[in-house]
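Just below is one structure, and these are the notes that go with it.
When reading the values below, keep in mind they use all heavy atoms of this one structure, side chains included, and skip hydrogens, waters and symmetry mates. Because the structure is predicted, anything quoted here is derived from the model rather than measured. Every number for a ligand or one of its atoms is a count from 1 in the order of the listing.
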Amino acid sequence: MSTPPRSAERPDQLPSWRRLVRHGREAQALRLADLFARDPGRFERLSFECGALFLDFSKQRVTAETLDLLLDHARSLDLPARVAALLGGEKVNSTEERAALHTALRFRGKGPYPCADRDVMPEVRAVLGRIHAFCESLHRGELAGFDGRPLRNVVNIGIGGSDLGPAMACEALRSRHVAGMRAHFVSNVDSTELARVLEVCDPAETLFIVVSKTFSTRETLANAESAREWLLRAANDPAAVARHFAAATAREDRARDFGIEPGRVFGLWDWVGGRYSLWSAAGLAIAAVAGADTFEALLAGAGEMDAHFRAAPLEANAPVLLALIGIWNRNVLGAPTLAVLPYDGALGLFPAYLQQLEMESNGKRVDHSGGPAALETCPVVWGGLGNDAQHAFFQKLHQGGELVPCDFIVAARGQCEIGGQHLESVANALAQSRAMMRGRSAEEVSREMYPPHAGDLLAAAHRAVPGNQPTTTIVYDRLGPATLGALIALYEHKVFVQGVCWGVNSFDQWGVELGKEIARDILARLAGEGGTGEVDASTAGLLRRVLALRAQRGEESVHER
Ligand code: F6P
């Protein structure tokens, strides 16, 4: 049986929610600058240490009363029991009748994982052991390609969670890459990425890792098939597939049918969701390029966050606080988006990773009961590396007039420091969150322009910045695998807590199916095989246009170049 939420009441009907909404009416007028001026202890009260991470919520538009009300609401939703259900392996994925046990993948205890149905640890440890052995042979140069040279290029072929997690982590941990190993990622189906990767890889030195939980995702299979053809053209020997391909999948039968040698197929389980899968064999590329020890440290860092999430009281629980403040911003203050802004060049892919984690998990309009969700759910998550973003879209954050909560993610020390450049990055992060908090009034601007000239009033209006933009700042020392693991797990648990607050199942993604079905039909039409029925005039017109363009220009495949 799946585990529906224990509280059957809609979240918006709970007295705790009504109290929050009432408080929200008063809080709309709060000015962050005033809150700091009134309370010298604000930073100490609203910042939290959590292992390697330090979280500052003091620039959020909350007071002690706000936090108390949010925590009361979390208790009314039975949050501690819901967390226990998740971590205890209950079937929290109610629409698919599955547990969501990614935490078991980073459980470092010696004994069994406390899991409702069965202990999953023997299988988890067995696959992890095989990953270690495989990667160690790879790094010793024992896994040779078709002409005897060691495999050095690792090409991860996967999409969504089978790409974003490993790609983000490999990029973030580049300073740990094993000498000589090179990581490449191919996800998109239009073959641009694949062509560019194949251009720089020598087939005799290339290991393809096909990552697909279902081993049926069209983009991944199309890329894997093209990669196999490319390899076979160079090797001229069908046996090369066994040497040059590995897979991470829950459908080991399909991987074997593809030609992948059973010893190189690494299993994962239905209780690992795609966007929660980098901790499983789906993270094989991380171990393959950064080493199994680095992968271990990543798991251990996440495991520490799990232990904190499990044991810390709600009022000192980092993922819970991050989540509840997000709920406050989204549902009480009414912010439709969340900007994620790493000030750490190693985390360039982190915003894209969080987009999937948050929006695929909680971008839902139906609650556990099948009725409409009572509250607006996941905000649109977006962002980019902080410094680049400052010179691109921060104008709108400062003066666009909309409420855009931001998460600043700041490394105290960079992974590769050249000169004093990293300090400049930190200075920018702290400056931007301060500017967003305090703003600058037109009067201040005019004072700075003293003595005033004609036209200064107009200039001051253009230069004024309203401020009061709510931000969270997360600080850590230099990013290593354990810190990265903790950071990812922090957001994973935040997403779970928010799913509880919104009453949605964070572990399914039915919304992506319709587009996939229509794409199959459209592909048949493009291939001249006809479709299954009428299409609308726009789609029909676009089909005609694309077919005409392709007929005029001819086709050029990557292999013909
Ligand atoms: O279509 C969405 C999705 O199912 C994601 O949830 C998943 O991460 C991705 O596609 C890839 O799926 P698979 O690992 O089965 O290829």
ring-ring contact (aromatic ring centres under 6.0 Å, His included) involving [X] - partner list, sequence neighbours excluded:
X	result
Trp328	His23
Tyr276	His102, Phe507
Trp271	Trp269

Verify whether one side chain among Arg275 and Gln509 offers a donor that lies under 3.5 Å from an acceptor in the other.
->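 Arg275 vs Gln509: donor-acceptor pair found between side chains.
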Please determine, by modelled atom types, if Ser187 and Glu219 share a side-chain donor-acceptor pair under 3.5 angstrom.
->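 Checked: Ser187/Glu219 side chains show no N/O donor-acceptor pair below 3.5 Å.
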Any idea which residues sit under 4.0 Å from ligand 1, heavy-atom distances?
->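 Close residues (ligand 1, cut-off 4.0 Å): Ile159, Gly160, Gly161, Ser162, Ser212, Lys213, Thr214, Thr217, Gly274, Gln356, Glu360, Gln509, Val512, Lys516.
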Full working for ring pair (Phe, Tyr, Trp, His ring centres under 6.0 Å) between Phe295 and Trp279 = CA-CA 8 Å; Phe295 190 54; Trp279 322 101; 8.1 Å; no
